[in-house]
Amino acid sequence: MPTPQEISPRPLDPRLLQLEGISRASVEAHYRLYQGYVAKRNEILGALDGVDLGAANQVFSELRALKVDLTFAIGGIKNHELYFAHLGGEGGNPTGAIDGLIKRDFGSVDKWRDDLKATGMAGRGWAWTAYDWDEHRLFNYIGDAQNTFPVWNATPLVALDVYEHAYFLDYQTDRAAYVEAFLRNLDWAVVNHWVEAYRVPAA
Ligand SMILES: [Fe+2]
């Protein structure tokens, strides 16, 4: 079996080091966690290369352990690549196509924002505004760990990290203040680029 190709962390955009309300130290530590997810993804795929398929067992087996933890590592990669990519902007109200989608599916930008904030307060790790291709609408889905609970056939367009590592250095337990800071740094142009790239139908 060929060894799966290793991947490398995406470089940290320098503008992430100058966010408003999220410190450079916090972002640098956060980026190191992301690098760790990439390293573990590569390590797990390397280990899978030599695993005994005949010993696979649902209670405990090497294959099971590796594949379960692979979902955590890959979730950590995908979630953080979204998160870092759409920060560094001016925040404020959405623009362009995403503005129309939000207004159609949530009623107003304020309702979307209130629902995302609440979802972030209710989650243990993530809140995602995703376009659900089966329901043909945006919805704020909730996540706990890196591998819970992504929904099939939905494309995340906003990824709000509410793990404590995202805010404890700057805000201690005040997650709500961090969520406000997150929103102040969103880059709507990036979100609109994803809407276009994934061909999410316009409102
Ligand atoms: Fe994170």
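What you are looking at is a predicted structure, and each value in this text was computed from that prediction instead of being measured. These numbers come from the heavy atoms of this one structure, side chains and all, not from hydrogens, waters or symmetry mates.
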*Asks:* Check ring-ring contact (aromatic ring centres under 6.0 Å, His included) between Tyr141 and all other residues, then give those that pass, not counting sequence neighbours.
*Replies:*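 Applying ring-ring contact (aromatic ring centres under 6.0 Å, His included) to Tyr141 gives Phe139.
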
*Asks:* Ignoring hydrogens and angles, tell me if any N or O in the side chain of Tyr171 forms a donor-acceptor pair with the backbone of Gly21 under 3.5 Å.
*Replies:*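 Side chain of Tyr171 to backbone of Gly21: a pair is present.
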
*Asks:* Side chains of Trp112 and Asp105: do they bring a donor and an acceptor to under 3.5 Å?
*Replies:*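 Checked: Trp112/Asp105 side chains show no N/O donor-acceptor pair below 3.5 Å.
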
*Asks:* Would you check if the side chain of Arg175 reaches a backbone N or O of Phe168 as a donor-acceptor pair within less than 3.5 Å?
*Replies:* no

*Asks:* Which atom pairs, donor and acceptor, lie under 3.5 Å between side-chain atoms of residues 86-96 and protein residues at least two apart or in another chain?
*Replies:*
from  : atom 1 : to     : atom 2 : distance (Å)
His86 : ND1    : Leu82  : O      : 3.3
His86 : ND1    : Tyr83  : O      : 3.1
His86 : NE2    : Ala159 : N      : 2.9
Asn93 : OD1    : Arg113 : NH2    : 2.7
Thr95 : OG1    : Asn192 : ND2    : 3.4

*Asks:* Might you point out which heavy atoms bring Leu12 and Phe84 nearest each other, and give the distance in Å?
*Replies:* CD1-CD2, 4.4 Å

*Asks:* Please find the pair of heavy atoms, one from Leu160 and one from Gly120, that lie closest to each other, and give the distance.
*Replies:* CD2-CA, 4.2 Å

*Asks:* Could you walk me through whether Leu138 and Phe106 satisfy the side-chain contact (heavy atoms from CB on, under 4.5 Å) test, starting with their C-alpha distance in whole Å, then the side-chain angles of each, then the deciding distance to 0.1 Å, before giving a yes or no?
*Replies:* CA-CA 8 Å; Leu138 297 178; Phe106 290 91; 3.7 Å; yes

*Asks:* Treating Asp49 as the side-chain partner and Leu45 as the backbone partner, does any N or O pair qualify as donor plus acceptor under 3.5 Å?
*Replies:* no

*Asks:* Any side-chain donor paired with an acceptor under 3.5 Å for Tyr131 and Arg137?
*Replies:*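 No - no donor-acceptor pair under 3.5 Å links their side chains.
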
*Asks:* Testing the basics here: between Ala56 and Leu63, what is the closest heavy-atom pair and its distance to 0.1 Å?
*Replies:*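 Distance-wise, the nearest heavy atoms are CB-CD2, 3.8 Å.
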
*Asks:* In a check of side chain to side chain contact (heavy atoms under 4.5 Å, CB included) between Phe182 and each of Val162, Val158, Asp161, which one passes?
*Replies:* Val158

*Asks:* Would you confirm whether the ring centroid of Tyr34 sits within less than 6.0 angstrom of the ring centroid of Tyr37?
*Replies:*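 Here the rings of Tyr34 and Tyr37 have centres that are no less than 6.0 Å from each other.
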
*Asks:* Treating Asp174 as the side-chain partner and Ala177 as the backbone partner, does any N or O pair qualify as donor plus acceptor under 3.5 Å?
*Replies:*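 Looks like yes, one N/O pair under 3.5 Å.
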
*Asks:* Under 3.5 Å, is there a donor-acceptor pair between the Asn147 and Thr71 side chains?
*Replies:*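 Yes, Thr71 and Asn147 have a side-chain donor paired with an acceptor closer than 3.5 Å.
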
*Asks:* Would you name the heavy atoms of Ser26 and Ala166 that are closest together and state the gap between them?
*Replies:* OG-O, 3.6 Å

*Asks:* Does a donor on one side chain and an acceptor on the other come within less than 3.5 Å for Thr155 and Trp194?
*Replies:* no

*Asks:* If you count the non-hydrogen atoms of other residues, nucleotides and ligands that lie under 6.0 Å from CZ in Arg124, is the total more than 12?
*Replies:* no

*Asks:* Name the residue from Ile44, Val51, Leu48 that meets the side chain to side chain contact (heavy atoms under 4.5 Å, CB included) definition with Lys67.
*Replies:*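 Per the side chain to side chain contact (heavy atoms under 4.5 Å, CB included) rule, the option paired with Lys67 is Leu48, out of Ile44, Val51, Leu48.
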
*Asks:* Is the side chain of Thr119 donor-acceptor paired with the backbone N or O of Asp115 at a distance under 3.5 Å, no angle test?
*Replies:*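 Flag set: sc Thr119 to bb Asp115 pair under 3.5 Å.
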
*Asks:* Could you tell me if Asn79 and Gln146 have a donor-acceptor pair between their side chains, going purely by distance under 3.5 Å?
*Replies:*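 Note: Gln146 and Asn79 side chains meet the donor-acceptor criterion.
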
*Asks:* Determine, using ring centers only, whether Trp126 and His80 are less than 6.0 Å apart.
*Replies:*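 Ring centroids of His80 and Trp126 are less than 6.0 Å from each other.
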
*Asks:* Would you sort out whether Lys40 and Glu43 count as a salt bridge (charged side-chain N to carboxylate O under 4.0 Å, His left out), showing the intermediate values?
*Replies:* CA-CA 5 Å; Lys40 282 296 176 187; Glu43 182 183 335; 2.9 Å; yes

*Asks:* Do you know the tightest heavy-atom contact between Gln58 and Arg64?
*Replies:* O-CD, 3.1 Å

